[in-house]
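Scroll down for the structure; my scribbles are underneath it.
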Amino acid sequence: MNYDFVSIEKKWQDKWFKDNTFKAVDFHPTKPKYYILYEFPNVSGGNLHMGHMKGTIPADALARYKRLNGFNVLFPIGGDAFGLPAENAAIKKGTDPHEFVRDGMKRFEEQFKKLGMSFDYDRTICTSDPEYYKWTQWIFLQLLKHGKAYKQRGVVNFCPNCQTVLSNEDSQGGKCDRCGGDVVQKERNVWFLKMRDYCEQMLGNIDRIDMAESLKEAQRNWIGKSEGMQVSFDVVDENNKKLGTFDIFTTCIETIYGITFMVLAPENKLVDNLKNNIKNFKDVLAYRKKTALRSEFDRLSDQKEKTGCVLEGLFAINPVNGKKVTIYVADFVLAGYGSGAVMAVPSHDQRDFEFAKAFDIPMVQVIEGDCSKHAVEKKEYLEKNYKMLNSAEFTGLDVKTAKKKIAEKVISLGVGKKTTNYKMQDWSFNRQRYWGEPFPVVFCDHCGIVPLDEADLPLILPETKDYLPNKNGDSPISKITDFVNCKCPKCGRDAKRETDTMPNWAGSSWYWLRYCDPHNDKALADFDKLKYWGSVDCYTGGTEHITRHVLYAFFWQNFLYDIGAVPTRDPFLRKMGSGLILDDTGKKMSKSSTNGVSPMEVIDKYGVDAARLHVHFLGGYEDNTPWTYDGITGITTFLDRVWALQDMVKGDEISKEHIFELNRLIKKVGEDYENLKLNTIISALMIFIKKVRDDGFITKQELRDFLLLLNPLAPHITSEIYERVFHAEILDDSWPKYDEKYLVEDVIQIPVQVNGKLAKVVSIKRDLNQDEVLEYLRQNYPKLTEGFEVKKLIYIPNKIINIIK
RNA sequence: GCGGAUGUGGCGAAAUGGCAGACGCGCAGGCUUCAGGUGCCUGUGGUGGCAACACUGUGAGAGUUCGACCCUCUCCAUCCGCACCA
């Protein structure tokens with residue numbers, strides 16, 4: 001007899017939705033809090049895809065499990081709606097973004113309902129709602145007020161296709177994150193957030209969070225902490241007249257006697273400052289222009305051919321030995337890292353080596369090793385602790401000692417100091433696009449950049465039909481003159497508004513805080529509520545944008561903590577990245593690919609309980625799993641058998657036939673929910689149901705416990721059976737307890753090995769001592785010990801016996 | 001190039017120092033059924049054997065251990081992230 005999943009599932013979903021059954025209670029008087037967050041979906045798609053099944057279901061199961069265990073669970077949802085992804089999708093569809101987002105949010109809600117998600121729908125937020133982005137703007141004002149936001153001309157990533165500036169995070173590998181096109185470098189006036197100030201704090205967050213090591217490493221790499229020295233070099237002309245100085249950063253101070261040239265990034269300011277002394281300044285400008293347009297193709301090309309341009313007429317003086325060397329500009333030196341300049345030691349750095357070969361520059365070897373084919377780099381010379389050469393008083397010392405002594409010398413000469421460098425840059429924070437949070441600032445000829453009064457927030461995004469990106473890379477908002485022209489809040493004279501908008505990451509960098517108090521119009525959230533809900537206990541979601549998103553989250557949370565707006569530095573205690581669902585070619589199943597199977601299709605065919613179980617029976621939460629319908633019959637058979645339990649009820653209390661299995665099951669399933677190991681929960685439940693069917697009956701109490709164990713994963717069918725059998729609501733019941741005394745049986749089966757090889761499995765009383773075991777074996781299994789002397793008996797009580805002969 | 005992870009039957013996968021392959025799919029055989037792309041039962045890593053059983057087996061090779069999928073070292077393969085970061 002099959003159960004009618006269509007009507008049963010709808011019945012419960014309607015009820016949960018209508019009653020908002022899963023409402024979280026602020027300041028619950030007795031229950032402990034538990035905060036589960038699922039990464040809110042981006043409204044760009046408007047439809048849930050298989051990837052969402054991987055992330056939502058475990059979060060929902062954990063939420064339901066925790067509620068049954070007496071927790072006051074906060075499990076909210078919302079939509080990430082501002083920014084390029086939604087705007088590009090809206091443009092493609094030819095809809096106004098406002099309307100596009102409204103539709104998308106509605107569709108998400110319907111689909112989440114169909115998934116049986118136990119969200120608190122009263123707390124739903126959307127980042128493009130003025131009530132929400134009021135507080136995104138408020139946070140920006142605080143950043144500005146505390147010197148963590150600044151506007152500056154700088155060389156930044158620009159996507160010619162999307163017509164906007166992008167952050168480093170949004171242009172990884174030289175490709176636009178949204179359209180995949182090549183990103184070029186452009187000089188522009190840009191808002192930056194001082195994320196670099198938070199490198200150490202963020203590294204602390206990474207250490208404290210419970211998250212996969214690979215994700216932690218990706219984030220540490222992105223921050224890119226590196227310890228070394230900053231050293232000052234004088235710049236002179238042919239006649240040794242001092243023209244200025246510049247700093248370099250190095251992690252290999254021990255090679256300083258090997259410098260044969262210096263290299264600046266093409267954009268380095270020194271080039272502009274000394275342009276009158278550079279004889280070939282025209283060539284330098286031409287080189288600059290060329291490198292700015294270098295595309296992805298050039299950068300990835302295998303040759304990695306070194307290009308550059310000498311600065312004729314300028315020389316640098318090595319502070320340790322007074323040696324005069326040539327200066328170049330070259331694009332292998334990055335303007336944004338360190339001070340945008342390096343000392344070049346071709347014998348001991350492979351890039352310098354290649355550059356020296358290309359430009360025919362001499363080399364000086366200062367550490368042992370064979371430098372004829374390639375540089376002997378620090379990995380090799382430090383590991384082998386080679387001796388120093390050609391390094392004045394340090395010649396003959398081993399490298400490790402020399403490194404310390406040379407550093408001391410540089411410091412005592414007053415030309416250097418120990419420093420720490422980070423790869424991470426400040427966050428370029430504006431986009432020349434329509435669909436985003438307007439910046440709450442105006443530009444006044446008299447007062448400069450003037451922030452709006454907090455009382456005037458939100459600054460509403462003006463409506464317009466002309467929202468397509470501009471060809472010249474200006475924001476379309478610049479055309480809305482009655483928005484742009486305004487009065488300066490400070491002096492009252494005519495002023496203009498900022499017309500760029502914030503990036504899509506703005507709204508998602510603090511949204512977990514808003515869920516604690518989503519309707520507050522006095523603060524981003526009430527401080528006591530933030531304190532009550534605290535850090536997110538478990539945060540699930542995809543891994544696609546995890547490095548960026550989590551770092552941005554750490555950054556904002558730390559900033560808000562420092563200004564006293566939130567009670568903790570750690571937004572999340574545990575972050576789980578769900579694996580991908582792969583299609584039949586082993587590639588990521590994407591929403592756009594034609595072979596993508598929609599979750600709604602699976603739900604319509606098999607029911608949502610079956611779909612929920614199937615996706616997570618396929619493999620572990622953090623593993624990639626290939627999608628297939630194969631095996632779903634195993635799940636539907638299981639659910640049919642669960643349904644059939646109603647007709648097998650006999651007796652009330654737990655039977656002696658099932659007491660051990662049931663207690664073990666309760667223990668195992670509970671542990672597996674905590675660790676989100678849903679696949680083994682399902683198999684454990686299958687094993688139990690097989691036992692029940694073999695015995696031909698289940699008691700009422702056993703059925704009750706079984707339904708509770710399955711409820712977090714398959715909430716509909718279990719709610720229905722519970723109601724039919726017990727005439728009550730399963731959600732009013734609580735998680736079954738197990739008793740330790742039923743986890744162990746008096747007579748156990750344990751393996752006996754001879755010389756480490758399995759010989760026999762024997763039945764034996766629990767908790768015998770070693771002598772008793774040997775005696776027992778001699779009595780009952782004489783063959784195991786006959787014919788040889790037992791040299792040694794290894795007996796791990798109740799686990800294994802190993803006889804050594 | 002650097003970093004991280006993974007590697008187990010025909011397939012998805014269990015087992016984190018103690019009986020490898022649980023559970024599910026698939027496959028084979030059987031029972032039920034008017035019928036079945038239904039339900040139920042049995043078997044199923046490989047090799048040999050009618051069989052009980054024997055040997056063998058977790059990417060490859062070494063090591064630690066009474067005992068290794070699990071710990072250590074070397075290598076190979078695949079996937080992911082970063083990539084001229086001084």
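Order of the sequence lines fixes the chain letters, A, B, ..., with proteins taken first and strands second; residue numbering starts at 1 for each chain. Remember, it's a predicted structure, so these values are computed and weren't measured experimentally.
Taking the centre of each ring, A/His658 and A/Phe697 come in below the 6.0 Å mark.
Taking the C1' atoms as reference points, B/G45 lies 14 Å from B/A22, given to the whole Å. Spacing between B/G10 and B/G46 at atom P, rounded to whole Å, works out to 7 Å. For the C1' atom pair drawn from B/G17 and B/C23, the interatomic distance equals 24 Å after rounding to whole Å. For the P atoms, the distance linking B/U38 with B/G29 amounts to 15 Å, nearest Å. The same atom, C1', is picked in B/G61 and in B/C66; the two are 24 Å apart, to the nearest Å. B/A51 and B/C40 have their C1' atoms separated by 28 Å, given to the nearest Å. Rounded to whole Å, the P atom of B/A15 lies 13 Å from the corresponding atom of B/U6. The separation of B/U58 from B/G48, taken at their C1' atoms, amounts to 23 Å, rounded to a whole angstrom.
Using a 4.5 Å cut-off on side-chain heavy atoms (C-beta onward), A/Val364 and A/Lys323 make contact. Taking 4.5 Å as the limit, some side-chain heavy atom of A/Leu618 sits within range of a side-chain heavy atom of A/Trp627. Taking the side chain as every heavy atom from C-beta outward, A/Val669 and A/Phe706 never approach each other to under 4.5 Å.
Mapping A/Glu217 and A/Lys668 onto RNA chain B via the closest heavy atom, the residue that lands nearer the 5' end is A/Glu217.
If you take CZ of A/Phe332 and P of B/A86, they are 12 Å apart, rounded to a whole angstrom. Atom CG in A/Asp630 sits about 17 Å away from atom P in B/G37, given to the nearest Å. The CD1-P distance, from A/Ile581 to B/A13, rounds to 11 Å in whole Å. Note: CG (A/Leu582) to P (B/A13) measures 9 Å, nearest angstrom. Between the C1' atom of B/C40 and the CG atom of A/Asp640 lies a distance of 13 Å, rounded to the nearest Å. Following rounding to the nearest Å, A/Tyr795 (OH) and B/G17 (P) show an atom-to-atom distance of 20 Å. One interatomic measurement links the two molecules: NZ of A/Lys378 to C1' of B/C2, which rounds to 12 Å at whole-angstrom precision. Rounded to an integer number of Å, the gap from CZ of A/Phe355 to P of B/C84 is 16 Å.
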message: Protein within reach of the bases, or only the backbone? For nucleotides 61-73 of chain B, mark each nucleotide 5' to 3' as B, S or -, using heavy atoms under 4.0 Å.
response: -----B-------

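Residue A/Lys677 is classed as a sugar-phosphate contact, given heavy-atom separations below 4.0 Å to backbone atoms only. Among the protein residues, A/Val333 comes within range of the nucleic acid bases, having at least one heavy atom under 4.0 Å from a base atom. At a threshold of 4.0 angstrom between heavy atoms, the contacts of A/Ser683 include nucleobase atoms, whether or not backbone atoms are also involved.
Between A/Glu217 and A/Arg220, at least one side-chain N (NZ, or NE/NH1/NH2) sits under 4.0 Å from a carboxylate O, which counts as a salt bridge. Ionic pairing of A/Glu39 and A/Lys575 is present here: one or more N-O contacts between side-chain nitrogen and carboxylate oxygen are shorter than 4.0 angstrom. Using a 4.0 Å cut-off between charged side-chain N and carboxylate O, A/Glu671 and A/Lys667 make a salt bridge. By the 4.0 Å N-to-carboxylate-O rule, A/Arg548 lies close enough to A/Asp170 to be salt-bridged with it. Under a 4.0 Å N-O distance rule, the pair A/Glu200/A/Lys225 qualifies as a salt bridge.
Taking CZ of A/Phe688 as the reference point, atom CZ of A/Arg664 lies at 11.0 Å (rounded to 0.5 Å).
By the 6.0 Å and 45° rule, A/Lys306 does not stack over the aromatic ring of A/Phe359.
One N or O donor and one acceptor, one from the side chain of A/Lys306 and one from the base of B/C84, sit under 3.5 Å apart.
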query: What would the secondary structure line of RNA chain B be in dot-bracket form, counting Watson-Crick and G-U wobble pairs under 3.5 Å, with [ ] for pairs that cross earlier ones and | for pairs with another strand?
result: (((((((..(((.....[....)))((((((.......))))))((((....))))..(((((..]....))))))))))))....

